[in-house]
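In this text, all values refer to a predicted model and were calculated from it rather than measured experimentally. Order of the sequence lines fixes the chain letters, A, B, ..., with proteins taken first and strands second; residue numbering starts at 1 for each chain.
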2 protein chains.
Amino acid sequence: MATIHDVAEKAGVSVTTVSRVLNNRGYISDATRRKVFGVMEELNYHPNEIARSLLRKQSNIIGLIIPNVSHPFFGELANDVEFFAHRNGFKVLLCNSRLEPAKEREYIEMMKRNRVDGIIMGSHTLEVGDYESLPYPIVTIDRRIGESIPYISSDNYRGGELATRLLIDKGCRKIAHICGSLELDLLANLRTDAFESMATRSGIHHLTIQTDMDVFNQEQYEDMIRRLFREHPDIDGVFATSDIIAAFAVKIGRTLGKRIPEELRIVGYDDVKAASWLQPSLTTIRQPIREMSELAVELIRKQMEEAPYERENILPVELIERDTT
Amino acid sequence: MATIHDVAEKAGVSVTTVSRVLNNRGYISDATRRKVFGVMEELNYHPNEIARSLLRKQSNIIGLIIPNVSHPFFGELANDVEFFAHRNGFKVLLCNSRLEPAKEREYIEMMKRNRVDGIIMGSHTLEVGDYESLPYPIVTIDRRIGESIPYISSDNYRGGELATRLLIDKGCRKIAHICGSLELDLLANLRTDAFESMATRSGIHHLTIQTDMDVFNQEQYEDMIRRLFREHPDIDGVFATSDIIAAFAVKIGRTLGKRIPEELRIVGYDDVKAASWLQPSLTTIRQPIREMSELAVELIRKQMEEAPYERENILPVELIERDTT
DNA sequence: TTGTAAGCGTTATCAG
DNA sequence: CTGATAACGCTTACAA
């Protein structure tokens, strides 16, 4: 693979000159410029970004750590992050932690060694201290860490309120909330707070169940929801913390012969694309994934440029009513 | 950020020695080894992989170019590719081409400049020549390019046969096939060949419609399928080329009051996770995404090591019968 | 068992 | 307008 020296030699100029035409810096005569470009073409020369990175101390890489890209929410997030990263001249290194602390830690180490320009953290299995010592820009999705690291989330408390109120307003008598593991220190837990507070305040029968850490074990959902309906056959409203879980609730509810939404109302969360093509389509709380992704990249960039930025970034959610309520 | 020089100085040894303990090469006394490790800890030293890459001419990065990670099929593929890449010591650079040739070309250029160790191509909007000139290992998913580049696909023809035969065997009288744009030179087009050949042979009424290039415009699916049923109300079997499209067919069929599977039978493709949690769950042709991903990483590795490898890698598909037939 | 020095492919500085 | 040369942080002959 041709280097800048090969080009310089063949073009009969110095490497400095080649570098200049490459970066369009300083004065160069049109003749040499043309000559150099010609030789580059001829040698099929591609500047080595690794060498550039070494010198500039900038890799133009953003690390994205999430639990699992094959989960629709994170798939859409990753897609959007990549889009905005690319638009800002960054590449994206994809890391799936699978919510294993060891893997998450290893990925963070790897990113340090690779001198990424910043990390977007969407997986949170470690302690606060593990993150605070990081030597470069971080942005956190859905978790508040320490005093200085900026975080992005949607308005989880409000989302919980909207969902719960909708179920109550529609006349539900006993509502269940299915959330993720509350042991993880996530802002998403505010949804649960909102649910319990609002349900309690309105004096409605309610209960909350947690999925375990292995978010990607789908059978877990089935068993859990089946048990829920078995133990509480009178449940007529479910607020699930993701559209996937909601889809399982729909499926199992139907299997048990419950009419939706007449006998069982279900509200999901996220508004991933699937929510609208499911049958019945899901009522859900929309998170602005696109805006969150755009902001994440922007916050990395701002930290790199030492520009001012907001530490707390809470984006609005929206209730999307569809068939399941 | 500490460099190897800082460590050497503080430990009172040469950089060579530090490098040796780092890479565990050559003889070093236990005393200095301990000393050096201590200083590394103290200085919070992380070896700079960029410098290493420059020297070794190996980045340990695999580029993954796909249309869109938020599509379930590619999301699962990306997830698995990342898993196996990590296990083989590679990082993954994620690129969404959105099926725009300009973007795909730009990504390929970017990868050349960044000296990735190999590329897994799951997006195919360019001409064969654009790929053949690439200076490093490539693996292609679902497309055959030139004579030398290895490719991976599942047995598309067989998948088409299985789906079509199932519809016929179940007693369908008029079947429709919804495929992607046939202008793209994909092995997935074999599904269509199989459909048409088998339907023709058995003398059944049949027709094929193509979606346009913008695979990610979901409204397109709705309109297209609605029109299909309007123009051919007697269709009682649909073979869709993805589970997403199949899900839309289910949704619209239901809206039109057709009972599934009694009056309308539907077969999808891929067996993404959603296929099993949809309601009704989808009958589909399973592609072995995990195996395909593992093989993709392995083929990159083998090319790097100049080990022998198969050029043609066609993995078996499987019919998964669920509720929609 | 340890150290010196060259080189990986660029860019920046300084001098013509 | 152009060119030498010294970095960037690391590994690897070659020497000691």
Side-chain angles (χ1 to χ4, degrees), chain A residues 1-37 39-40 43-61 89 109-117 135-136, chain B residues 1-40 43-61 109-117 135-136:
Chain A
M1 180 143 267
T3 77
I4 201 173
H5 286 96
D6 303 330
V7 176
E9 188 169 11
K10 185 142 190 173
V13 298
S14 75
V15 290
T16 311
T17 303
V18 178
S19 175
R20 282 209 185 88
V21 343
L22 211 48
N23 298 285
N24 202 19
R25 240 192 278 292
Y27 297 100
I28 355 145
S29 76
D30 244 36
T32 44
R33 185 199 303 277
R34 242 192 304 279
K35 174 80 186 165
V36 170
F37 272 131
V39 175
M40 283 179 178
L43 295 183
N44 194 18
Y45 168 73
H46 294 273
N48 185 332
E49 281 300 328
I50 297 182
R52 286 181 165 178
S53 297
L54 181 59
L55 204 61
R56 292 210 198 108
K57 300 163 178 312
Q58 264 216 20
S59 59
N60 291 316
I61 294 181
E109 286 302 302
M110 182 273 272
M111 299 217 170
K112 287 186 195 164
R113 292 195 307 272
N114 284 87
R115 305 296 194 266
V116 299
D117 290 344
Y136 33 58
Chain B
M1 177 143 269
T3 76
I4 200 173
H5 285 97
D6 303 330
V7 176
E9 188 169 10
K10 184 142 194 172
V13 298
S14 74
V15 291
T16 311
T17 304
V18 179
S19 174
R20 282 206 186 91
V21 344
L22 211 51
N23 299 286
N24 202 20
R25 241 192 278 291
Y27 297 101
I28 356 150
S29 76
D30 243 35
T32 44
R33 187 200 302 278
R34 241 191 305 279
K35 174 80 185 162
V36 168
F37 272 131
V39 174
M40 282 179 179
L43 295 182
N44 194 18
Y45 169 73
H46 295 273
N48 185 332
E49 280 300 327
I50 296 181
R52 286 181 163 179
S53 297
L54 182 59
L55 205 61
R56 293 211 197 108
K57 298 164 181 310
Q58 263 216 20
S59 59
N60 291 317
I61 294 180
E109 287 301 302
M110 182 271 272
M111 301 217 168
K112 287 186 195 165
R113 292 195 307 269
N114 285 84
R115 305 296 193 264
V116 298
D117 290 345
Y136 33 57

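Regarding A/Arg20, its CZ atom lies at a distance of 8 Å from the C1' atom of D/dC1, rounded to whole Å. In this structure, B/Ile50 atom CD1 and C/dT11 atom P are separated by 14 Å, rounded to whole Å. Taking atom CG of residue B/Asn48 and atom C1' of nucleotide D/dT11, one finds them 13 Å apart after rounding to whole Å. Going from atom OH of A/Tyr27 over to atom P of D/dC1 covers 8 Å, rounded to whole Å. A straight line from CG of B/Asn24 to P of C/dT1 spans 13 Å, rounded to a whole angstrom. With rounding to whole Å, A/His5 atom NE2 is found 9 Å from C/dT10 atom C1'. Distance A/Arg25 CZ to D/dT2 P: 16 Å, rounded to the nearest Å. Here D/dT12 presents its P atom at 12 Å from CD of B/Gln58, a figure rounded to the nearest Å.
Between the side chains of B/Ser14 and B/Thr17, at least one donor N or O lies within less than 3.5 Å of an accepting N or O. Looking only at atom types and distance, the side chain of B/His46 has a donor-acceptor partner in the side chain of B/Asn44 under 3.5 Å away.
In this structure, B/Ile28 reaches the sugar-phosphate backbone alone: every heavy-atom distance under 4.0 Å involves primed, P, OP1 or OP2 atoms, never a base.
The side chain of B/Ser14 places an N or O atom within less than 4.0 Å of a non-bridging phosphate oxygen (OP1 or OP2) of C/dG3. A sub-4.0 Å separation between OP1 or OP2 of D/dT12 and a side-chain N or O of B/Ser19 is absent.
A donor N or O paired with an acceptor N or O is found under 3.5 Å between the base of D/dA4 and the side-chain atoms of A/Thr16. Checked by distance alone, A/Ser53 brings no side-chain donor or acceptor within 3.5 Å of a matching partner on the base of C/dT10. A donor N or O paired with an acceptor N or O is not found under 3.5 Å between the base of C/dG9 and the side-chain atoms of B/Arg115.
Along DNA chain C, the nucleotide closest to B/Val15 and the one closest to A/Ile4 are compared, and the more 5′ of them pairs with B/Val15. Positionally, the nearest nucleotide of DNA chain C for B/Leu55 lies more toward the 5' end than for the other of B/Leu55 and A/Ala51.
Here the straight-line distance linking atom OG of B/Ser53 with atom CZ of B/Arg115 works out to 12.0 Å at 0.5 Å rounding. Atom CD1 in A/Ile50 sits 11.0 Å away from atom CG in B/Leu55 (nearest 0.5 Å).
Relative to the side chain of A/Ser29, the nucleotides C/dG9, D/dC10, D/dT2 differ in distance, and D/dT2 lies closest.
A distance-only check finds no donor-acceptor pair linking the side chain of A/Tyr45 to the backbone of A/Met1 [under 3.5 Å].
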